[in-house]
Number of protein chains: 2
Amino acid sequence: MVRVKDPQHPELAEMTLTDVMAALSDPIRIGLVRLLSDGHERGWGELRTPVSKSTLSHHLRVLRAAGLTRTRQEGTRCYVVLRREDLHARFPGLLDAVLTAADSEDVGNQVGLATGRPPT
Amino acid sequence: MVRVKDPQHPELAEMTLTDVMAALSDPIRIGLVRLLSDGHERGWGELRTPVSKSTLSHHLRVLRAAGLTRTRQEGTRCYVVLRREDLHARFPGLLDAVLTAADSEDVGNQVGLATGRPPT
DNA sequence: TTCGATGTTCTACGAACATCGAACAAGAGG
DNA sequence: CCTCTTGTTCGATGTTCGTAGAACATCGAA
């Protein structure tokens, strides 16, 4: 049994439009992409979503499989970053258009960062 | 029983990004959009797809419900046209980016026009 | 009015998906 | 070693989706 430990990121040429579109048809995943749109790498723990960790893991896997994000593992922690350049090279303008649209109607606003302190 | 005969096209403000993305995550529907991307109005009968007419009707309904297309009925015939201006006003650049991407990998090439045509 | 062409709707079904909790694996730190 | 944290994977479940066929509605034409 091969432990699929490889994050299996698709190459540029392996990305398909339908996969990307499907990945971006979920509010949570759009929220995650918006969160990552500043280009900063984020740790799993920073991500605040209204879903359980297993579901979050699933969504992050979908994003990764579609080629939207890149995942890096460091110890027990995982970090994720948006593949802006790759996306732009493969589907010019698509990501920007989606981000603009997502901002305009605030899609995935339920997804946030853990930057805020624990409420006193 | 109210016959919902109205094609129910969403207003500009009623379009949602997730609906549009979901509508465009299917190869057949992308093919239809590509076919309509020249701005010409097309009749149902001109559309050649590898699916049954009920399924085609379903796909056209999804596109219409997402606000991507506008349907007009004339007699027993129906005509469909892409809502380019509306799309551009609501989600600037999105449609163009998708069309460019779709062209680059020839998504939905199974959808075509009734080239040959008039049977006698 | 009867027939044929054109779409829509109903119903059904398998596949895919979103979701969760529980069990599991791998490091980090005592 | 043991324990805690972090993330993955594995069922299980309910929902949505894509698909087709049959029945129905509508209009034009004979």
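Below, chain A is the first sequence line, B the second, and so on; all start at residue 1.
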Where protein sits on nucleotides 16-21 of chain C, one letter per nucleotide: B base, S sugar-phosphate only, - none, heavy atoms under 4.0 Å: --SBBB
OP1 or OP2 of C:dA28 less than 4.0 angstrom from a side-chain nitrogen or oxygen of A:R77, does that happen here? no
Does D:dT8 have OP1 or OP2 sitting under 4.0 Å from an N or O in the side chain of A:W44? yes
Listing request: all salt bridge (Lys or Arg N to Asp or Glu O under 4.0 Å) pairs with a residue in residues 76-88 of chain A, at least two apart in sequence or in separate chains. A:R70-A:D86, A:R83-A:D86, A:R84-A:D96
Going by the rule side-chain contact (heavy atoms from CB on, under 4.5 Å), which residues pair with [X] if we only count those two or more places apart in sequence or in a different chain?
X	result
A:E41	A:R72, A:Y79, A:V81
A:R48	A:A114
B:E11	B:E14
A:T16	A:T18, A:D19, B:E105

With A:D103, which residues qualify under side-chain hydrogen bond (donor to acceptor under 3.5 Å, both in side chains), at least two apart? A:R34
Identify, with sequence neighbours excluded, every residue that meets side-chain hydrogen bond (donor to acceptor under 3.5 Å, both in side chains) alongside A:H40. A:D38
Taking Watson-Crick (N1-N3 plus N6-O4 or O6-N4) and G-U wobble (N1-O2, O6-N3), each under 3.5 Å, can you produce the dot-bracket string of DNA chain D? Use [ ] for crossing pairs and | for inter-strand ones. ||||||||||||||||||||||||||||||
Measure [atom1]/[X] against [atom2]/[N] and give the value in whole Å, please.
X	N	atom1	atom2	answer
B:Q73	C:dT6	CD	P	14 Å
B:R61	D:dT19	CZ	P	14 Å
A:Y79	D:dT6	OH	P	11 Å
B:M21	D:dC17	CE	C1'	17 Å
A:R72	D:dT6	CZ	C1'	15 Å

Can you tell if the side chain of B:L82 reaches within under 4.5 Å of the side chain of B:L35, non-hydrogen atoms only? no
Output one line per pair: protein atom, nucleotide atom from nucleotides 28-30 of chain D, and distance, for all N/O pairs under 3.5 Å.
none

Pairing residues for A:D26 by the salt bridge (Lys or Arg N to Asp or Glu O under 4.0 Å) criterion, not counting sequence neighbours: none
Scan the side chains in residues 54-63 of chain A for donor-acceptor partners under 3.5 Å anywhere in the protein, sequence neighbours excluded, and list what turns up.
residue, atom, partner, partner atom, Å
A:S54, OG, A:S52, OG, 3.1
A:T55, OG1, A:S52, OG, 3.1
A:H59, ND1, A:R29, NH1, 3.0

Within the distance-only criterion (no hydrogens, no angle test), does the side chain of B:H9 pair as donor or acceptor with the backbone N or O of B:T71 below 3.5 angstrom? yes
